[in-house]
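In what follows, a single structure is set out as structure tokens and then discussed.
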Amino acid sequence: MEVLVQTLVSGILIGGIYALIGLGMTLIMGVMKIINLAHGQLMMVAMYVTYVLFEHFQLDPYFSLLIAMPTLFVIGALIQKYLLNPLIKVESILPENQVLMTVGIGMVLTEIVRFLFHSDYRSVKTPYSTAAIYIQGISFNVPMIVAFGIAVLLSAALFFFLLKTDLGKSVRATAQNKDAAIIMGINAEWITILTYGLGSALVAAAGTLLLPIFYLFPDIGGPFTLKAFVITMLGGMGSTVGAIVGGVVLGIAESLGATYISMALKDAVAMVIFVLVLIFLPGGLKTLTKI
Amino acid sequence: MLRVEHVDAGYGDVQVLWDVSFKVDAGEFAVLVGANGAGKSTIMKTISNLVQPSRGEIWFEETRLNGIPPNRIIDLGIAHVPEGRQLFPEMTVRENLELGSLTARAKSHRKQSMEWVMELFPRLRERQKQLAGTLSGGEQQMCAIARGLMSRPKMVLFDEPSLGLSPLLTQDIFRLTHQIHQEGLTILMVEQNVKQTLTICDRAYVLTNGKIVMEGKGRELLENQEVKEAFLGI
Amino acid sequence: MKFFETRHLTKHFGGLTAVNDINFEVEKGEIYGLIGPNGSGKTTLFNLITGYHPSSSGEILFQGQPIHRLSTWKICKLGIGRTFQIAKPLRRMTVLENVMTSAFNRAPKKSEAMEKAMEVLEFCELASKKDNSAKGLTIGDRKRLEIARALATAPELLLLDETMAGLTPQEQTAGAELIRKIRDSGITIIIVEHIMHVIMNICDRLLCINYGQEIARGTPAEVANNQAVIEAYLGKE
Amino acid sequence: EETIKVGIILPLTGGQAAFGEIEKNSFELALEEINAAGGINGKKLELLFEDDTGKPEVARSAAEKLINKDKVVMLGGGYGSSETFAIAGVAQQNRIPFLINTGSADKITEQKWDYVFRLNQPVSDYSLGLETFLASVVQPKTAAILFEDSAFGSGGAKTFQETCDRMGIKVVLSEGYSKGGMDFKPLLVKVKEANPDLIYMISYVMDAALLMTQSMELRIMPKLFVGGGAGFTLPEFSKNAGKAAEMVFSATLWYQTLPYPGAMEYYEKFVKKFGKDTEYHGAEAYSAAYVIADTLKRTKSMDPKDVRDALAATDMKTVFGPVKFVTDGKKINQNKLPTYLVQWSNGKLELVWPKDVASKAYVYPIEWEKVWK
Amino acid sequence: MKLPRWSTLVSIVVLLLFPLLVPSDYYRHIFIIALMWVVIGSSWNLLAGFTGQVSFGHAIFFGTGAYTAGLCASKLGISAWWGMLLGGPVALLVGCVIGWICFRLRGPYFALATIAIGEIFRLVATDWRSLTEGMEGILIIQTFRSKIPYYYLALFLAGACVFVIDRIMQSKWGYYFIAIREDQDSAEAIGISSFRYKSLSLMVSSFFTGLAGALYMNYMAFIDPHVVFALHDISIMAILVGIIGGVGTLWGPPAGAFIMVLLQETFRSSFFGLLPSWVSESHVLVFGLLVIFVIRFMANGLVGDWPKIQQLWSRSKQTLPANGGN
Ligand SMILES: Nc1ncnc2c1ncn2[C@@H]1O[C@H](COP(=O)(O)OP(=O)(O)OP(=O)(O)O)[C@@H](O)[C@H]1O
Ligand SMILES: Nc1ncnc2c1ncn2[C@@H]1O[C@H](COP(=O)(O)OP(=O)(O)OP(=O)(O)O)[C@@H](O)[C@H]1O
Ligand SMILES: CC(C)C[C@H](N)C(=O)O
Ligand SMILES: [Mg+2]
Ligand SMILES: [Mg+2]
């Protein structure tokens with residue numbers, strides 16, 4: 001029983017981090033229909049920003065959110081403006097050119113970071129890194145609870161932004177019908193830049209919050225990119241609530257898979273779920289929950 | 001008010017418009033008629049700068065439209081109600097309408113505009129919480145028109161507003177466009193429903209294969225033998 | 001055995017009934033017209049016949065064989081060709097390659113396919129443009145290519161969806177001529193068209209639908225004078 | 001001026017580059033000293049470094065290039081087992097001697113390849129030092145084995161399983177995981193439920209730290225935690241795991257306080273020069289450089305055959321321990337060295353077993369509640 | 001789109017004579033690897049470039065072929081060369097199953113599903129130690145000490161692959177594949193079973209990729225799951241080979257393979273030691289930049305955009321007035 005409960009608890013908590021990763025992706029995939037294979041690498045860059053702030057300026061990672069997120073916003077916006085948007089206008093045989101561009105971007109980001117920081121493992125050790133609360137012998141990791149809380153907050157903020165503000169509505173409008181959005185006076189190109197920037201900022205939050213409990217080296221991004229897809233497809237593209245749900249479902253599925261199947265196959269469990277969702281529930285959980 | 005001068009335009013390497021010139025005066029109700037694919041929508045899109053003319057100029061009042069980014073056109077007071085409604089399907093009617101009033105001027109009047117269009121289309125008031133994608137065709141068209149009006153335009157471009165609508169709804173739409181015109185807006189409309197359109201318009205242009213082949217008062221054209229053959233199947 | 005018929009054919013899209021209990025039959029060798037206002041379900045009907053959408057209920061019989069459960073390509077193999085309302089050429093192929101691709105349907109050898117394709121191109125008066133890339137064609141040629149592609153599959157029944165929309169009146173006359181020529185070569189045709197003078201001139205019989213339901217059928221003259229059709233489609237004179 | 005060229009293949013980019021760098025630095029440190037001391041009989045030794053990027057086919061390309069293009073007289077390096085194997089194949093084929101200093105999969109020296117020599121212990125030997133400790137001190141009844149599913153991890157797990165079988169220890173759980181996991185709790189709750197006396201983990205440094213911090217978080221309290229070398233001996237382990245690293249044992253191949261001549265000096269020189277810690281990988285590389293120099297000094301000629309013979313005849317002391325290539329079971333040209341047990345104590349790694357070389361007495365039994373307070 | 005006949009001939013002759021003219025095993029090795037990538041890239045291109053199904057999972061077939069050969073040796077105790085017979089068919093079977101699962105998905109969803117399945121293969125191969133030996137990998141002894149047999153085998157395989165693909169593309173299948181790429185609905189309407197022909201394309205593609213895998217096993221003599229089922233180093237590399245050379249062209253992937261392998265090696269070795277070592281440390285960076293550059297400015301790859309490049313070249317030489325059209 002304790003095994004099951006602890007497995008579920010850690011699954012749910014890890015789900016909070018996953019949700020943050022998925023949140024950025026759901027925006028990028030949902031709005032621009034770009035399969036962003038550089039997502040994890042953007043997160044990695046944010047982690048290095050946080051790391052540098054911690055190492056050299058002793059800034060607490062939670063505080064670095066305020067710097068890492070805007071920094072990644074700018075990086076993301078530049079990528080969209082100078083590398084991705086120009087591709088829309090070029091006719092190529094495969095529409096997947098944008099995807100491949102993100103592969104290139106991911107490689108370049110990784111290698112620039114490697115150039116600057118070498119491949120060394122780095123980490124940010126805070127007093128609260130290993131703090132935990134115990135309820136009836138079940139442990140709740142404090143930084144993960146915080147991350148979960150921030151995930152919920154950010155997704156609520158994103159939800160509010162997308163649903164209640166004109167700008168957010170413009171983002172959704174551009175996603176749903178770009179030409180009509182332009183006719184309404186929306187600068188669609190600018191919106192795509194904003195959206196990729198926001199998506200990057202969100203994944204920056206994930207990276208920054210993850211750092212105190214995890215570690216960092218230049219190649220860390222790749223696996224997270226894959227997770228981001230799973231979460232996004234699971235929750236439904238463009239759905240903020242879906243990102244949370246998708247993150248938690250993935251967290252639980254992985255945890256249960258690790259406990260009851262095999263730790264080595266937990267990522268395979270995630271991938272199997274992913275393929276099943278693609279085939280049998282192409283709209284993700286969104287089609288069931290409608291949000 | 002609107003002058004289109006010697007415009008060539010097209011998509012990529014396919015040229016659709018050939019030396020198109022026409023004008024619409026302030027307060028006028030002008031109509032473009034022509035077969036499917038003649039290039040009517042392309043003209044509308046060229047005015048909205050969604051399609052860049054490769055030659056020629058377009059003037060609105062004192063402004064040259066060439067080169068202005070398409071999303072700034074609405075600021076000048078031109079609203080485009082596009083072909084096929086082009087609503088934001090996963091947003092509510094109200095949100096769709098709000099998105100019609102993003103320009104600074106329109107934003108400050110959003111409340112009044114909303115009232116105004118809801119008066120015009122009481123059906124939309126009933127359905128304001130419904131997702132636009134689930135509206136019936138006629139309702140969708142109303143929503144698209146209302147969304148265009150939300151920007152408080154001086155001129156509205158209607159692209160086949162009766163497309164896919166039952167005759168009854170088509171009548172409604174015609175009544176409404178007429179009413180909007182009466183309220184002082186300049187209108188440029190594209191319609192398949194040639195007979196009815198020619199009956200209510202001030203001025204009409206006939207487009208064939210991307211060229212203006214005829215122009216005149218609506219009723220005059222109605223009597224024209226060629227028009228009758230080409231569009232009325234008589 | 002009827003050449004082609006539908007029985008109680010119905011299609012729902014969610015709550016919308018796009019085609020509602022349609023029954024009609026087509027004789028071999030005739031040109032059968034299908035008219036109706038925009039959105040009345042004509043294209044959907046074509047999509048049902050060609051298996052592009054599964055029907056919700058009802059049957060479709062081609063030469064006595066039920067085809068409503070078959071997939072699109074099998075239906076084509078059986079001898080039903082179609083054009084798309086929005087032309088769907090294979091954009092980065094030449095005109096000849098486009099038509100050859102269709103011709104492979106009956107002519108597995110490349111030389112045969114080439115021969116057949118050239119024949120069809122001559123027939124459709126596109127031969128002079130055979131090496132043009134499909135994406136650069138004018139509207140009229142695109143529509144012709146659409147017909148040529150369907151013809152090259154060597155169909156017995158050809159479904160034409162607004163193949164004359166966007167053509168000049170002269171081109172329309174030529175188009176009507178082409179359609180007649182196709183029929184004279186022994187191919188049965190169902191045609192959807194909004195251009196009344198074409199429909200009235202070339203069709204042997206007409207079916208008019210509205211909201212997915214039949215509102216009239218008969219000879220062109222009968223349908224044109226039908227009150228319901230005038231109200232829903234032709235407009236009051 | 002003519003130099004004697006030796007090719008060194010290491011992962012300088014890619015996921016293992018951190019260790020590749022320690023080794024490269026150690027090679028360069030040794031090279032400087034060797035050349036300062038007169039080089040190879042008056043000629044300068046030159047090390048040509050090639051990056052295998054952590055991929056076997058690149059390692060192969062690198063080896064081909066060094067042999068065929070740069071005409072090196074011998075090869076060194078070899079970090080990851082897969083890459084090492086690829087290089088060994090090329091070396092054997094071209095009859096160029098190859099001195100491995102890190103790649104540890106057992107089968108590399110079991111191929112009867114007479115041009116391939118290994119200075120370091122194979123992975124199956126990693127736990128030998130632990131074995132005597134368990135037998136004479138702990139006598140556990142049950143054990144759990146957690147390992148990363150790399151060649152290194154699964155190979156080590158396999159031999160430790162055999163060790164347990166031999167010693168009558170029941171393995172209640174043996175599970176692999178893929179490197180880079182974020183949350184090991186699902187695995188650890190299973191361990192907790194199985195409640196073994198001993199938890200043996202074969203992990204790289206970051207996984208090692210996470211395994212320990214999360215074990216602490218879940219309050220898993222076996223008689224002892226033991227790492228199977230690699231991650232558990234690195235300074236980063238304690239830096240990252242903090243107090244969760246305390247009292248954790250680990251098998252190790254080397255430790256700077258070992259009574260090998262120059263071991264401590266090497267350690268201090270490295271730290272001084274690069275401002276970073278070094279560990280057994282660095283010592284392996286540093287020693288390999290000296291073995292290479294020694295071989296080249298002794299060889300009759302620079303003909304590969306002669307170099308090979310000279311290498312085979314090596315019998316010297318290095319900071320990593322004595323080097324002498326012997327035949328050991330299926331293995332040939334394998335250096336035979338003992339392995340040791342270390343324990344983390346107050347953030348410092350102490351050599352605790354065998355007793356005669358210990359830098360500090362081991363702490364056992366351990367009161368985890370106190371340690372983790 | 002087509003290379004002139006003489007340049008094809010010249011390249012064939014050069015490739016045939018290469019190992020005899022260049023005695024260095026190092027360059028022979030590089031060419032063997034490049035030829036292997038010709039096979040993988042061309043196979044990928046058949047499915048993605050010609051048929052429009054962009055696979056991000058070709059490592060599945062490569063790995064399957066490699067493991068078929070490897071398991072022949074490690075489990076059946078027969079020569080890994082049997083893999084050169086079995087690897088293709090086994091990969092083809094795997095291809096059939098994957099096609100059956102994935103071809104109901106279109107466009108990016110297909111791509112994502114292939115990534116996921118590729119990862120599943122890698123993870124399962126890693127964990128299924130009783131079959132695959134996991135990450136300890138499978139080890140055989142190379143049959144030949146000389147590179148020359150491997151070279152000609154790789155050359156034969158590459159030649160066969162390109163030849164078969166060329167034949168296919170000239171036949172009805174080729175027309176059908178392109179039709180599916182251009183417009184699947186339209187293809188169905190002219191009697192093409194998109195499922196059947198996509199599957200055929202995948203089968204040929206996986207067959208050759210599997211053979212390349214089997215060749216890899218025999219030549220490299222060592223495989224483990226992270227090497228042969230690698231997402232980045234195999235699946236994405238296959239795409240890059242195609243993209244850089246030019247998708248949807250016969251000669252694009254072969255050109256891409258040589259460019260990629262040679263460039264990678266050149267940079268990895270800091271231009272054969274001529275440049276400082278930081279160049280080699282940043283070779284992946286240069287590679288990434290190259291990818292970005294090609295996609296940004298040569299959307300159809302070197303071969304695909306060759307006319308455009310030639311035009312630019314001649315224009316810059318003649319300094320003609322820039323003409324707006326493109
Ligand atoms: N986005 C596009 N890309 C390429 N060609 C296009 C595009 N849009 C329209 N066309 C072509 O341009 C021509 C003119 O189209 P347009 O939509 O302007 O005609 P229309 O007169 O509005 O017709 P309809 O009555 O069908 O609305 C047609 O041949 C059409 O196929
Ligand atoms: N895939 C679909 N999903 C949902 N509704 C659809 C779909 N396809 C068509 N419809 C709806 O079915 C109805 C009939 O459409 P259809 O395209 O058959 O009309 P049509 O008679 O061909 O019109 P037109 O003359 O404009 O071509 C329309 O209301 C349309 O919106
Ligand atoms: C597989 C190898 C990279 C492991 C290495 N020999 C080590 O001891 O860490
Ligand atoms: Mg139009
Ligand atoms: Mg239609």
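Numbered from 1 within each chain, the chains take letters A, B, ... in sequence-line order.
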Does the side chain of E:Asp25 come within less than 4.5 Å of D:Ile67's, by heavy atoms?
no

Quick one: what part of D:Ala62 sits under 4.5 Å from any heavy atom of chain E, side chain, backbone, both or neither?
both

Can you tell me how far the OG atom of D:Ser178 sits from the CG atom of E:Leu123, to the nearest 0.5 Å?
5.5 Å

Non-hydrogen atoms of chain D under 4.5 Å away: do they reach the side chain of E:Arg129, the backbone, both or neither?
side chain

Most heavy-atom pairs under 4.5 angstrom with chain D, which of E:Thr126, E:Ile223, E:Leu139?
E:Leu139

Could you check whether D:Arg60 makes a cation-pi contact with E:Tyr219, meaning its NZ or CZ is under 6.0 Å from the centre of the six-membered ring and within 45° of the ring axis?
yes

Please flag which part of D:Asn94 lies under 4.5 Å from any non-hydrogen atom of chain E: side chain, backbone, both or neither.
side chain

So do E:His226 and D:Lys55 actually touch side chain to side chain, heavy atoms under 4.5 Å?
no

Can you find a pair of side-chain heavy atoms, one from E:Ile30 and one from D:Lys65, that are under 4.5 Å apart?
no

Do D:Gln92 and E:Gln142 have side-chain heavy atoms sitting under 4.5 Å apart?
no

What's the separation between atom CZ in D:Phe85 and atom CE in E:Met220, rounded to the nearest 0.5 Å?
10.0 Å

Using 0.5 Å steps for rounding, measure from the CD atom of D:Glu175 to the CG atom of E:Asp127.
8.0 Å

Which pair of non-hydrogen atoms, one from D:Ser61 and one from E:Glu265, has the smallest distance, and what is that distance?
CB-OE1, 3.7 Å

Under a 4.0 Å threshold between the charged nitrogen and the carboxylate oxygen, would E:Lys147 count as salt-bridged to D:Glu64?
yes

At a heavy-atom separation under 4.5 Å, does E:Asp233 approach chain D through its side chain, its backbone, both, or neither?
side chain

Flag yes if more than 12 heavy atoms outside E:Trp81 fall under 6.0 Å of its CH2 atom; otherwise flag no.
yes

Taking atom CZ of E:Phe222 and atom CD of D:Glu83, what is their separation to the nearest 0.5 Å?
8.0 Å

Around D:Lys330, counting heavy atoms of other residues, nucleotides and ligands shown, do more than 12 lie under 6.0 Å from its NZ?
no

E:Arg145 vs D:Arg95, side chain to side chain contact (heavy atoms under 4.5 Å, CB included): CA-CA, chis, key distance, verdict:
CA-CA 10 Å; E:Arg145 186 181 295 179; D:Arg95 300 284 185 271; 2.4 Å; yes

